[in-house]
Amino acid sequence: MNLDTQILSILFSFIYGVIVSYLYNLNYNFIYYNSYLYRISINILFCTDLALIYFILIKIINNGIIHIYFIISFLCGFILFSKRYKILRNIIKVRKYVKKSVNK
């Protein structure tokens, strides 16, 4: 893999980490404030979708070769911008799941 492709892949991983941080904070209420089964299904779908999109795009950029520094770049982008997008958690309000009892 040549140097241009590596630099493009590192920049893509960093920017994708920023995007994932944004989406994580935007969907935070859906991931953590509902019933247990709903949280598990949303979390699995969220992680699977983001991983598939990352691997499809990295396959387009450099034929699917992933190095450890791509993952480190992704984590740096996620960690650096996770505090900045924390205000997005207040935009979407989700009611907590409450079971209603049925009186017989």
Side-chain angles (χ1 to χ4, degrees):
M1 182 176 358
N2 60 10
L3 186 61
D4 294 336
T5 308
Q6 287 183 359
I7 292 172
L8 182 64
S9 299
I10 289 172
L11 286 175
F12 167 73
S13 295
F14 183 81
I15 292 170
Y16 195 75
V18 172
I19 292 169
V20 169
S21 172
Y22 175 78
L23 291 174
Y24 171 76
N25 283 311
L26 193 63
N27 293 321
Y28 182 83
N29 293 330
F30 291 112
I31 295 172
Y32 290 109
Y33 287 130
N34 284 319
S35 70
Y36 190 69
L37 183 61
Y38 185 74
R39 283 190 292 183
I40 289 173
S41 62
I42 290 294
N43 206 356
I44 289 172
L45 287 173
F46 184 71
C47 293
T48 304
D49 287 343
L50 291 177
L52 286 174
I53 291 169
Y54 179 76
F55 288 125
I56 288 170
L57 293 175
I58 215 73
K59 184 169 171 68
I60 292 170
I61 293 172
N62 67 359
N63 296 326
I65 300 169
I66 297 177
H67 294 284
I68 189 70
Y69 46 86
F70 296 163
I71 297 169
I72 292 170
S73 175
F74 171 80
L75 291 175
C76 287
F78 183 83
I79 291 169
L80 288 175
F81 284 87
S82 65
K83 298 283 185 193
R84 171 172 271 170
Y85 293 131
K86 202 176 236 185
I87 59 171
L88 293 175
R89 295 179 184 181
N90 296 328
I91 292 174
I92 297 175
K93 297 291 183 187
V94 177
R95 289 182 288 166
K96 290 189 178 187
Y97 178 76
V98 177
K99 284 188 176 181
K100 293 181 181 180
S101 61
V102 178
N103 294 332
K104 292 184 180 180

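The first residue of the sequence shown is numbered 1, and numbering continues consecutively from there.
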Trainee: Please report the closest heavy-atom contact between Gly77 and Val18, naming both atoms and the distance.
Mentor: O-CG2, 3.8 Å
Trainee: If every non-hydrogen atom of Ile66 is compared with every non-hydrogen atom of Ile58, which pair is closest and at what distance?
Mentor: CG1-CG2, 4.1 Å
Trainee: Mind checking whether Leu11 and Leu57 sit in one hydrophobic cluster, side chains of I, L, V, M, F, W, Y counted as touching below 4.5 Å?
Mentor: no
Trainee: Using 0.5 Å steps for rounding, measure from the OG atom of Ser13 to the CG atom of Leu8.
Mentor: 9.5 Å
Trainee: With rounding to the nearest 0.5 Å, note down the distance linking OG1 in Thr48 to CD1 in Ile53.
Mentor: 11.0 Å
Trainee: May I ask whether Ile56 and Ile15 are part of the same hydrophobic cluster, defined by side-chain heavy atoms of I, L, V, M, F, W, Y residues being less than 4.5 angstrom apart, directly or through others?
Mentor: yes
Trainee: How close do Thr5 and Ile61 get, heavy atom to heavy atom, and via which atoms?
Mentor: CG2-O, 3.8 Å
Trainee: Okay, side chain of Ser73, backbone of Ile10: is any donor-acceptor separation there less than 3.5 Å?
Mentor: yes
Trainee: Going hydrophobic residue to hydrophobic residue with side-chain gaps under 4.5 angstrom, can you get from Leu52 over to Tyr16?
Mentor: no
Trainee: Parallel, tilted or perpendicular, judged at 30° and 60°: which one describes the rings of Tyr69 and His67?
Mentor: parallel
Trainee: Does Ser21 reach the main-chain N or O of Gly17 with its side chain, forming a donor-acceptor pair under 3.5 Å?
Mentor: no
Trainee: Should Gln6 and Leu3 count as side-chain neighbours, where that means a heavy-atom distance under 4.5 Å?
Mentor: yes
Trainee: Measuring only between side-chain heavy atoms, which start at C-beta, is Phe70 closer than 4.5 Å to Asn62?
Mentor: yes
Trainee: Do Tyr54 and Phe12 have ring centroids that are under 6.0 Å from one another?
Mentor: yes
Trainee: Check for me, please, whether Leu50 and Leu75 land in the same ILVMFWY cluster - side-chain distances under 4.5 Å, paths through other members count.
Mentor: yes
Trainee: When you measure from the side chain of Ser82 to the backbone of Ile79, do you find a donor-acceptor pair of N or O atoms at a distance under 3.5 Å?
Mentor: yes
Trainee: In terms of hydrophobic clusters joined by side-chain contacts under 4.5 Å, are Tyr38 and Phe46 together?
Mentor: yes
Trainee: Can you name the one residue among Ile42, Asn43, Ile44 that meets side-chain contact (heavy atoms from CB on, under 4.5 Å) with Ile40?
Mentor: Ile44
Trainee: Are Tyr24 and Phe81 close enough that some pair of their side-chain heavy atoms sits under 4.5 Å apart?
Mentor: no
